[in-house]
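Structure first, commentary second.
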Amino acid sequence: MANTPDKIVYTARATVTGGRRGGHGVTEDGVLDVQLQAPKEMGGPGGGTNPEQLFAVGYGACFQGAMGLAAKELGVDVSGSTLVAEVGFGPEGESYGLAVTLRASVPGLTKDQTQQVLERTHELCPYSKATRGNIPVTLVAEEA
């Protein structure tokens, strides 16, 4: 089942040339302008941004924003939260796949409360909806 928005209120547009090895990506407004390069761990020279880093930042920012919605429902405050998004990349069959771990700490909440917020957020976050059933996403509550 597709999670289709009722109405598109914003569209991000980026142009990419050259792919992950020696490529370039720039958003339509020019605010994000990155040289793309495979990391040393993947046989590249490093020294540039890679798609997994961009995905980690995007997913992390979206997820942390959605934590506010979940927290409001649950009656807790997550304004001081820290979220670390890890995007793993590796061989899968004939090509490659991703795996994500989202680690959060929230001052003033127990690990159990933080885990509850993470699980509800995972139901609300657009990136989580997009990845659900496609890649493994692990939610980890950590001490603040």
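Hydrogens, waters and symmetry mates are skipped; everything else that's a heavy atom, side chains included, is used.
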Inset, instruction - Would you check if the side chain of Ser105 reaches a backbone N or O of Glu142 as a donor-acceptor pair within less than 3.5 Å? - result: no
Inset, instruction - Determine yes or no for a side-chain-to-main-chain donor-acceptor pair under 3.5 angstrom, with Gln113 supplying the side chain and Thr110 the backbone. - result: yes
Rounded distance [0.5 Å steps], [atom1] in [X] versus [atom2] in [Y]:
X: Leu36; Y: Leu54; atom1: CG; atom2: CG; result: 7.0 Å
X: Arg120; Y: Glu123; atom1: CZ; atom2: CD; result: 5.0 Å
X: Leu98; Y: Ile135; atom1: CG; atom2: CD1; result: 5.0 Å
X: Thr138; Y: Leu102; atom1: OG1; atom2: CG; result: 8.5 Å
X: Gln115; Y: Lys111; atom1: CD; atom2: NZ; result: 9.0 Å

Partners of [X] by side-chain contact (heavy atoms from CB on, under 4.5 Å), sequence neighbours excluded?
X: Lys129; answer: Asn3, Arg132
X: Gln53; answer: Thr49, Asn50
X: Gln37; answer: Arg21, Pro45

Let me check something: do [X] and [Y] share a hydrophobic cluster, defined by ILVMFWY side-chain heavy atoms less than 4.5 Å apart, either directly or through other members?
X: Val26; Y: Val31; answer: no
X: Val117; Y: Val140; answer: no
X: Met67; Y: Leu124; answer: no
X: Leu139; Y: Leu74; answer: yes

Inset, instruction - Would you check if Leu32 and Val34 make a side-chain contact, meaning some heavy-atom pair closer than 4.5 Å? - result: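 Yes. Closest side-chain heavy atoms under 4.5 Å.
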Legend entry - Side-chain heavy-atom pair Phe63, His122 within 4.5 angstrom cut-off: yes
Inset, instruction - Give a yes-or-no answer on whether the side chains of His24 and Thr17 include a donor-acceptor pair shorter than 3.5 Å. - result: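 Looking only at side-chain atoms, Thr17 and His24 do not form any donor-acceptor pair under 3.5 Å.
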Inset, instruction - Quick one: which residue pairs count as a salt bridge (charged side-chain N to carboxylate O under 4.0 Å, His left out) with a foot in residues 81-101, not counting sequence neighbours? - result: Glu86-Arg103
Legend entry - Which atom of Ala104 lies closest to which atom of Leu118, heavy atoms considered: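 Minimum heavy-atom contact is CB-CD2, 3.6 Å.
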Legend entry - Minimum-distance pair of heavy atoms, taken over all atoms of Ile8 and Pro5: CD1-CG, 3.8 Å
Inset, instruction - Output all residues satisfying ring pair (Phe, Tyr, Trp, His ring centres under 6.0 Å) with Tyr59, sequence neighbours left out; order by chain, then residue number. - result: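 Per chain and number, Tyr59 pairs via ring pair (Phe, Tyr, Trp, His ring centres under 6.0 Å) with Phe55, Tyr127.
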Could you list the donor-acceptor pairs under 3.5 angstrom formed between side-chain atoms of residues 75-85 and any protein atom two or more places apart in sequence or on another chain?
{"residue": "Asp77", "atom": "OD1", "partner": "Ser79", "partner atom": "N", "Å": "2.9"}
{"residue": "Asp77", "atom": "OD1", "partner": "Ser79", "partner atom": "OG", "Å": "2.8"}
{"residue": "Asp77", "atom": "OD2", "partner": "Ser79", "partner atom": "OG", "Å": "3.3"}
{"residue": "Ser81", "atom": "OG", "partner": "Gln64", "partner atom": "NE2", "Å": "2.9"}
{"residue": "Ser81", "atom": "OG", "partner": "Val78", "partner atom": "O", "Å": "2.9"}

